[in-house]
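Beneath this line is the structure, given in structure tokens, with notes to follow.
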There are 2 protein chains.
Amino acid sequence: MGIVTRDAKPSGTRTQILDAAEAAVLSKGFGATSIDELIAAVGISRSGFFYHFKDKSALAKALLQRYIEEDDKIFDDVLRRADELSEDPLHSYLIALKMLAEIFADLPNGHPGCMVASVCYHEQLFQREVRDLNEQAILNWRRRFRERLDRIAERYPPRVDVDLDDLADMLMAVADGGIILSRTIHDPMALPRQVMLYREFVRLVFSEPVVTATGRPA
Amino acid sequence: MGIVTRDAKPSGTRTQILDAAEAAVLSKGFGATSIDELIAAVGISRSGFFYHFKDKSALAKALLQRYIEEDDKIFDDVLRRADELSEDPLHSYLIALKMLAEIFADLPNGHPGCMVASVCYHEQLFQREVRDLNEQAILNWRRRFRERLDRIAERYPPRVDVDLDDLADMLMAVADGGIILSRTIHDPMALPRQVMLYREFVRLVFSEPVVTATGRPA
DNA sequence: TGTCAACTGTACTGTTGGTACTGCATCGGC
DNA sequence: GCCGATGCAGTACCAACAGTACAGTTGACA
């Protein structure tokens, strides 16, 4: 690990391969994405491809790494912007979830797919390295959202007994399940609606119920 | 649709191919499952395979059909058994969800994977026929659970404004997302815990909050 | 006895992932 | 001004795999 070894070769071509691969993989999966197809899209030779990636698994690893980094950035950005809008941990989290739903809703052709899920359903094809990368990404997201939930729980004691790790995981589960749902029934809005449902759940878990004078919820 | 045309050829061999294919596909995906591997497992020739399935896509279709039928049976069974235990629609649904979580928890190696999700992430590989089959399966599940939620909502007016179609879809989303979660972090119990979280959400949506004399939730 | 379902065997095609080289232009450093 | 590394292109080849074609075999049943 030198000083700038990480991503020391932007080189254009490598990035172009990754771009072509990402679009293809998310739309039809790793198996259906051929190397020939990628080199044709980029305009290089097979040798050129294998110069950058020793095999398809190396491509998968690079693809997943880049995808996770981008997702991390999006989450960081959303959470930060939400924090700027409210100092209350619960309100901030609810704002962030709404922003996330809006991001999903604004994708013109629906969410292109989750690389993590794509990798998950191709397990045996990759080395343990790729699977470990996937696992760490999910555990990282859990940690990130769990921190938020902890801060919320301090101020708003949960009204039901839920494990906060599970509640953090649920966002990822709802998102991945929502992507599958959206794609399968061809309804791009199903995903953002599922995220909003998760939001409603979080609200119900931590918010006090709005109770009218009659004792009935409003 | 004749009288007994459906599944008119149990023939043993065909079923054996489907069994071998189901295990292989769920563990490593369609792409990584070779025909040679399947015929070796069953002990037939390549010609034998192509006698039963004209190509790999036909295998996928048959596999998906069988999978959906089995899932339908499981859901029917769980809902029926739950109905026997309680006449109240909410309680019955909550019982069914707990049963479902227990079924998932009792699978020795965790849930093997969802064929619907597997097909979803291989979209372009199959004809529209297979994708339509997938879509119909999900819409069918939505309808089934939506009916339950309607009956619940009649007796227990929802405390928050949620779309019942979305709430029905959420079970499928949480299940598929939970499977991905479980497989990726190697925790077979993550899936049943996610189902129980969904159950908690349903309970919160429809149940009146338990409020103590002080007005604080218990 | 003939027919049909359920196969086996053989031979072939085309695609794909992957290996193993050799060649070649370009560019920075000495 | 040459030296080596980077970043490719070109060629040749192999094995695994999906799929096609078609001829032959076996057992059950009418």
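Every chain is numbered from 1, with letters handed out A, B, ... down the list of sequences. Bear in mind the structure is a predicted one, so any value in this text is a computation, not a measurement.
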Check your understanding: With Asn134(A), which residues qualify under side-chain hydrogen bond (donor to acceptor under 3.5 Å, both in side chains), at least two apart?
Key -> none

Review point. Under a 4.0 Å N-O cut-off, is there an ion pair linking Asp83(B) with Arg148(B)?
Key: yes

Exercise for review: Pull out every residue in residues 38-47 of chain B that has a heavy atom closer than 4.0 Å to any atom of DNA chain D, ordered by number, or say none.
Suggested key: Arg46(B)

Review point. Would a 4.5 Å heavy-atom cut-off, applied to side chains only, mark Phe201(A) and Val160(B) as touching?
Key: no

Point to revise | Spacing between Phe50(A) atom CZ and dA20(C) atom C1', to the nearest angstrom | key: 12 Å

Check your understanding: Touch check for Gly48(A), heavy atoms < 4.0 angstrom, all strands: base, sugar-phosphate only, or nothing?
Key -> sugar-phosphate

Exercise for review: In whole angstrom, give the distance that lies between atom CG of Asp36(A) and atom C1' of dT16(C).
Suggested key: 7 Å

Point to revise | Test log, rule salt bridge (Lys or Arg N to Asp or Glu O under 4.0 Å), inputs Asp77(B) and Lys73(B) | key: CA-CA 6 Å; Asp77(B) 186 53; Lys73(B) 260 186 218 159; over 6 Å; no

Practice item. With the side chain counted from C-beta on, respond yes when Phe30(A) and Leu63(A) share a heavy-atom pair under 4.5 Å apart, and no when they do not. Key: yes

Review point. Does Phe145(B) have its ring centroid less than 6.0 Å away from the ring centroid of Phe75(B)?
Key: yes

Review point. Do the side chains of Phe206(B) and Leu167(B) get nearer than 4.5 Å, heavy atoms only?
Key: yes

Exercise for review: Measure the distance from CD1 on Ile35(B) to P on dA15(D) and round it to the nearest whole Å.
Suggested key: 21 Å

Practice item. Report the end-to-end axis angle of the helix from dT1(C)-dA30(D) to dC30(C)-dG1(D); each axis comes from five terminal pairs, and the value is rounded to 10°. Key: 0°

Point to revise | Student check: side-chain heavy atoms of Leu133(B) and Glu129(B) closer than 4.5 Å | key: no

Exercise for review: Mind calculating the distance between CD (Glu37(B)) and C1' (dA18(D)) to the nearest angstrom?
Suggested key: 14 Å

Check your understanding: Is the distance from OP1 or OP2 of dA6(C) to the nearest side-chain N or O of His52(B) less than 4.0 Å?
Key -> no

**Study point:** Heavy-atom check, side chain of Glu200(A) versus side chain of Arg203(A), under 4.5 Å
**Key:** yes

Revision key, fill the gap. note: Phe53(B), atom CZ; dC7(C), atom C1'; distance rounded to Å ~ 14 Å

**Study point:** Protein-nucleotide distance (Tyr51(B), atom OH; dA18(D), atom P), rounded to Å
**Key:** 22 Å

Check your understanding: Could you give the CG-to-P distance, from Asp55(A) to dT16(C), as a whole number of Å?
Key -> 18 Å

Check your understanding: Could you give the NZ-to-P distance, from Lys56(A) to dT16(C), as a whole number of Å?
Key -> 10 Å

